[in-house]
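Structure provided below as structure tokens; questions to follow.
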Amino acid sequence: MTTAATTATTGAATDQPVGQAVDHYDRFLAEHYTWMLGGDLDALVAAQRDLLAGWGVVPGSGPGDGSLAVDLGCGPGHTSLALAGVGYDSVLAVDLSRPLLGELAAYARDMPAVRPVRADVRTALRELVRPGSAGAVLCLGDTLTHLPTRGDVAALFADVADALMPGGTAVFSYRDLTVPLTGTDRFLPVRATEDRIMTCFLEYPDDYNDYTVVVHDLIHTRDSSDADWTLTAHSYRKLRLSHAWVLAQLHTAGLRVTHEDSGPGGMRTVVLERACGLRTGGDRERD
């Protein structure tokens with residue numbers, strides 16, 4: 001077996017994680033990402049459409065009522081494609097990874113409703129979406145934990161509330177890694193096929209106390225069944241967000257929980273509705 005390992009530089013908790021995550025995806029994970037999710041894009045989109053229906057993420061019935069959806073941290077775009085598939089007239093697919101946005105652009109060539117946009121999720125809503133105009137805003141796949149600080153997460157929740165129309169829907173998914181894993185529990189199998197195996201290893205260093213976890217992605221590949229395996233590895237930091245803290249910040253932002261799910265590996269999904277009486281940034285500017 002041969003090994004080619006690269007490790008992201010770990011710096012201050014306040015300014016490094018976004019850059020580390022972009023570097024991790026662009027240099028390492030992007031080429032494996034669709035495979036990691038299952039490899040069949042059509043099946044991923046169909047499954048996501050079913051999830052959207054279960055969450056109540058569908059356009060409104062009135063003219064222009066909720067016809068805009070925003071997919072923050074869209075990756076290769078199966079959620080964006082599903083949003084277009086359930087009837088949203090315009091889907092902003094936001095990510096910082098050029099390879100993943102390129103993959104989505106190729107998939108969405110015949111779907112004009114989907115618009116890939118390279119932008120930071122921390123500023124995208126303020127820069128691209130008129131307050132009170134979005135029918136749905138989604139931020140899935142653990143994107144929240146890629147932000148630099150918990151303050152950035154709280155600010156994003158406020159931006160989502162501002163962007164949503166009254167009664168609009170928000171969906172967030174993220175991993176709650178606040179309880180440290182120990183021993184072999186820190187090794188998380190992701191996917192294995194005949195030519196590729198992916199494992200994730202979590203490390204809880206003392207330097208940032210309970211603030212971050214270091215994620216080590218390990219991928220073994222081989223060209224044929226009789227070839228030697230080659231290991232490549234790359235690391236980056238993620239935020240540790242407790243579910244109770246997230247729920248408190250969502251409530252402060254004016255978003256009301258309508259549904260919750262929990263899954264393996266600490267994954268949480270929260271579906272929310274924008275309070276009808278909430279004033280948007282645009283409302284405040286007009287006062």
> Do F201 and L181 belong together in a cluster built from hydrophobic side chains that touch within less than 4.5 Å?
Replying inline: no
>> How close do R274 and A161 get, counting heavy atoms only, and between which atoms?
In response: NE-O, 3.0 Å
>> Are the side chains of E260 and L247 in contact, using a 4.5 Å heavy-atom criterion?
In response: yes
> Taking atom CZ of R115 as the centre, does the number of heavy atoms from other residues, nucleotides or ligands within less than 6.0 Å exceed 12?
Replying inline: no
>> Run V214 and L202 through side chain to side chain contact (heavy atoms under 4.5 Å, CB included) and show every step you take.
In response: CA-CA 6 Å; V214 177; L202 303 181; over 6 Å; no
> Quick one: are L29 and H234 in side-chain contact, heavy atoms under 4.5 Å?
Replying inline: no
> How about S262 and H243: do any of their side-chain heavy atoms sit closer than 4.5 Å?
Replying inline: no
> Is any side-chain N of the basic residue among D159 and R126 closer than 4.0 Å to the acidic one's carboxylate O?
Replying inline: yes
> Going by atom types only, do D71 and S80 share a side-chain donor-acceptor pair under 3.5 Å?
Replying inline: yes
> Taking R186 for the side chain and G183 for the main chain, is one N or O donor matched with an acceptor at less than 3.5 Å?
Replying inline: yes
> Ignoring hydrogens and geometry, is there a side-chain-to-backbone donor-acceptor pair from R237 to T212 under 3.5 Å?
Replying inline: no
>> Which heavy atom of P148 sits nearest to which heavy atom of R122, and what is that distance?
In response: CG-NH1, 3.2 Å
> Should the ring pair H32 and W35 be called parallel, tilted or perpendicular, given that the plane angle runs from 0 to 90° and is split at 30 and 60?
Replying inline: perpendicular
>> For M111 versus A84, what's the shortest heavy-atom pair and its separation?
In response: CE-CB, 3.5 Å
>> For the backbone of R150 and the side chain of Y211, can you confirm whether one donor and one acceptor N or O come within less than 3.5 Å of each other?
In response: yes
>> Taking the side chain as everything from C-beta on, heavy atoms only, tell me whether T143 gets closer than 4.5 Å to L72.
In response: no
>> For S67, is there any backbone N or O sitting under 3.5 Å from a side-chain donor or acceptor partner on D89?
In response: no
Quiz: residues 36-59 side-chain donor-acceptor pairs under 3.5 angstrom, not counting sequence neighbours:
{"residue": "D40", "atom": "OD1", "partner": "D42", "partner atom": "N", "Å": "3.2"}
{"residue": "D40", "atom": "OD1", "partner": "A43", "partner atom": "N", "Å": "3.1"}
{"residue": "Q48", "atom": "NE2", "partner": "T79", "partner atom": "OG1", "Å": "3.1"}

> What is the distance from atom NE2 of H78 to atom CG of L83, rounded to the nearest 0.5 Å?
Replying inline: 10.0 Å
> If only atom types and distance count, is the side chain of T258 paired as donor or acceptor with the main-chain N or O of V271 below 3.5 Å?
Replying inline: yes
>> What's the separation between atom OH in Y174 and atom OG1 in T269, rounded to the nearest 0.5 Å?
In response: 9.0 Å
> Any side-chain heavy atom of L125 within less than 4.5 Å of one from L156?
Replying inline: yes
Would you list the atom pairs, donor with acceptor, under 3.5 Å between side chains in residues 94-109 and any protein atom, with sequence neighbours excluded?
{"residue": "D95", "atom": "OD1", "partner": "S97", "partner atom": "N", "Å": "3.0"}
{"residue": "D95", "atom": "OD2", "partner": "C74", "partner atom": "N", "Å": "3.3"}
{"residue": "D95", "atom": "OD2", "partner": "G75", "partner atom": "N", "Å": "2.8"}
{"residue": "S97", "atom": "OG", "partner": "D26", "partner atom": "OD1", "Å": "2.7"}
{"residue": "S97", "atom": "OG", "partner": "L100", "partner atom": "N", "Å": "3.4"}
{"residue": "E103", "atom": "OE2", "partner": "T34", "partner atom": "OG1", "Å": "2.4"}
{"residue": "E103", "atom": "OE2", "partner": "Y107", "partner atom": "OH", "Å": "3.0"}

> Are L138 and V70 side-chain neighbours, meaning at least one heavy-atom pair lies under 4.5 Å?
Replying inline: no
> Could you state the interatomic distance from CG (L218) to NE2 (H216), rounded to the nearest 0.5 Å?
Replying inline: 8.5 Å
>> Would you say F187 ends up clustered with V213 if hydrophobic residues are merged whenever their side chains have heavy atoms under 4.5 Å apart, either directly or through other cluster members?
In response: no
>> Run the side chain to side chain contact (heavy atoms under 4.5 Å, CB included) test on M267 and S173 for me, step by step, so that the C-alpha distance in whole Å, both residues' side-chain angles and the decisive distance to 0.1 Å come before the verdict.
In response: CA-CA 7 Å; M267 182 62 76; S173 69; 4.1 Å; yes
>> Please give me the minimum heavy-atom distance between S224 and D226, naming the atom from each residue.
In response: OG-OD1, 2.6 Å
>> I need the L239 CG to D210 CG distance, nearest 0.5 Å.
In response: 10.5 Å
>> Quiz question: by atom type and distance under 3.5 Å, do the side chains of D185 and T182 form a donor-acceptor pair?
In response: no
> Do the rings of W229 and H220 sit parallel, tilted or perpendicular, given the 30° and 60° boundaries?
Replying inline: perpendicular
> Which distance, rounded to the nearest 0.5 Å, do you find between the NE2 of H146 and the NZ of K238?
Replying inline: 4.5 Å
>> Holding to ring-ring contact (aromatic ring centres under 6.0 Å, His included), I want the full list of residues that pass it with F157, two or more places apart in sequence or in another chain.
In response: F172
> What heavy-atom pair brings A154 and W245 nearest, and what distance separates the two atoms?
Replying inline: N-CH2, 4.2 Å
>> For E194, is there any backbone N or O sitting under 3.5 Å from a side-chain donor or acceptor partner on R222?
In response: yes
> Within the distance-only criterion (no hydrogens, no angle test), does the side chain of D176 pair as donor or acceptor with the backbone N or O of T178 below 3.5 angstrom?
Replying inline: yes
> Would V179 end up clustered with V215 when hydrophobic side chains under 4.5 Å apart are linked, directly or stepwise?
Replying inline: no
> Roughly how far, to the nearest 0.5 Å, is OG1 of T145 from OH of Y236?
Replying inline: 6.5 Å
